[in-house]
Amino acid sequence: MTRTNPDSCPGVLRLHDAADGPLARIRVPGGQLTPPQLQALADAARDVGDGNIELTSRGNAQLRQVRDAAALQERLAAAGLLPSATHERIRNIIASPLAGRVGGWADVHPLVPALDTGLQGAAELAGLSGRVLFTLDDGRGDVSGLGGDIGVHAVDGDTFALLLAGADSGVRVSAAEAVDLMLAAAHGFLDLREGQWRLHEIPDGSARLTDRLLTARPHLATADEVVEVTARQDIPIGWLTQADDLVALGAGVRLGSLPARTAEFVAAVERPILLTPWRSLVLTDMDEWTAEQVVRVLAPMGLIFDANSPWLLVSACAGQPGCGKSLTDVRADVTAAVESGRVIPTATPQSTRTTLGAQDIVAAGRQHWSGCERHCGRPRAAVTDITATPDGYRLDPAD
Ligand code: SF4
């Protein structure tokens with residue numbers, strides 16, 4: 001596939017003209033936020049946005065209805081959330097949220113700033129599409145299946161498999177060389193492409209890029225045993241005891257929309273925060289007393305610490321009024337379904353009629369609601385699609 005147009009991914013310096021007003025996407029490499037940065041996002045959401053921070057499927061943040069783009073840019077730059085004007089849209093890095101704290105082979109979080117700095121330090125990499133995604137998986141397999149272009153996946157404490165276009169290339173690299181190799185792969189992708197936005201769009205792109213990398217670095221090992229990559233939705237929820245005996249709390253966020261007021265309370269805990277690619281949060285490094293207070297205060301404000309909550313089964317696109325293509329207010333419909341008990345854990349799939357009114361839908365398991373057939377924001381793992389049509393919603397159960 002050869003593309004003739006540059007990608008249209010929004011950023012902070014190039015807003016998307018959504019139906020409900022300008023939309024800004026703020027890259028948060030590795031989902032890593034300091035408390036002051038979350039506070040800055042909350043302030044910006046309240047003062048120049050619609051009052052909410054939207055969490056995205058790449059662990060980034062979005063603000064809707066931006067009233068003053070210049071003021072937003074100034075605030076984000078001051079908070080360290082806009083470190084590069086030229087490379088802002090290519091800083092798409094997902095890392096295993098719990099790495100280094102709970103499970104996994106390797107702590108990939110220190111690789112995030114190294115990769116981010118390397119991306120920003122190479123002028124030509126500003127030419128990458130804003131859709132290119134880098135993944136850093138600590139070996140548990142939670143982010144390697146999220147459709148990355150270039151990634152590493154820990155196979156032991158000091159060795160990573162290089163993933164290209166979401167599959168194991170067979171190349172093995174040490175932790176010390178992992179970031180360097182990912183940057184080399186990014187340069188190689190630019191050399192190979194003829195307008196394509198993503199590596200998988202280039203004919204034999206992964207194989208050709210692997211050959212280039214091995215030719216330039218003949219010392220790299222290769223492996224016959226392939227890392228199996230699958231799409232999963234491992235949302236960390238609730239109380240998680242860290243390896244250092246501190247506590248992390250995984251918190252679900254209803255439809256990925258975090259009110260500024262709630263974000264301020266999270267920031268006030270003054271602990272590192274991680275945004276996950278499942279539109280949720282992880283608050284880290286708390287003692288038990290602090291973690292108990294966080295649950296006591298933030299659960300009534302809507303954060304989800306119960307792994308059995310039906311809110312964790314649903315996701316939705318923007319729908320009306322944010323998207324001009326939407327046939328309905330999808331988020332209102334899914335909210336009504338959850339609040340009236342029509343989102344249930346398991347059941348026989350309901351798809352006996354062609355279309356259903358929103359109030360008639362009873363849907364089981366993971367489900368994604370869309371305002372049209374584009375299915376924006378649909379998780380990569382198996383979900384039941386609930387899609388608005390001119391005649392009502394259509395249910396397509398997960399395979
Ligand atoms: S799925 Fe359709 S209605 Fe929903 S955000 Fe995408 S284009 Fe808009």
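Atoms within a ligand are numbered from 1 in the order they appear, just like the ligands themselves.
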Do Leu255 and Ile386 share a hydrophobic cluster, counting only Ile, Leu, Val, Met, Phe, Trp and Tyr and linking them when any side-chain heavy atoms are less than 4.5 Å apart?
-> yes
Can you sort out the partners of Asp329 under salt bridge (charged side-chain N to carboxylate O under 4.0 Å, His left out), two or more places apart, ordered by chain and number?
-> none
His109 versus Pro272: any side-chain heavy-atom pair under 4.5 Å?
-> no
Please write out which residues are connected to Val102 in a hydrophobic cluster, directly or through intermediates, given that two of Ile, Leu, Val, Met, Phe, Trp, Tyr count as joined at side-chain heavy-atom separations below 4.5 angstrom.
-> Leu98, Leu240, Leu274, Val282
Can you give the donor-acceptor pairs under 3.5 Å from side chains of residues 300-310 to other protein atoms, not counting sequence neighbours?
unit_1: Asp306; atom_1: OD1; unit_2: Asn308; atom_2: N; d: 2.8
unit_1: Ser309; atom_1: OG; unit_2: Trp311; atom_2: N; d: 3.1

For a side-chain contact (heavy atoms from CB on, under 4.5 Å) with Leu81, tell me which candidate from Glu88, Gln37, Gln73 qualifies.
-> Gln37
Which protein N, O or S atoms does atom 2 (Fe) of ligand 1 have within a distance shorter than 2.8 Å?
-> Cys372 SG
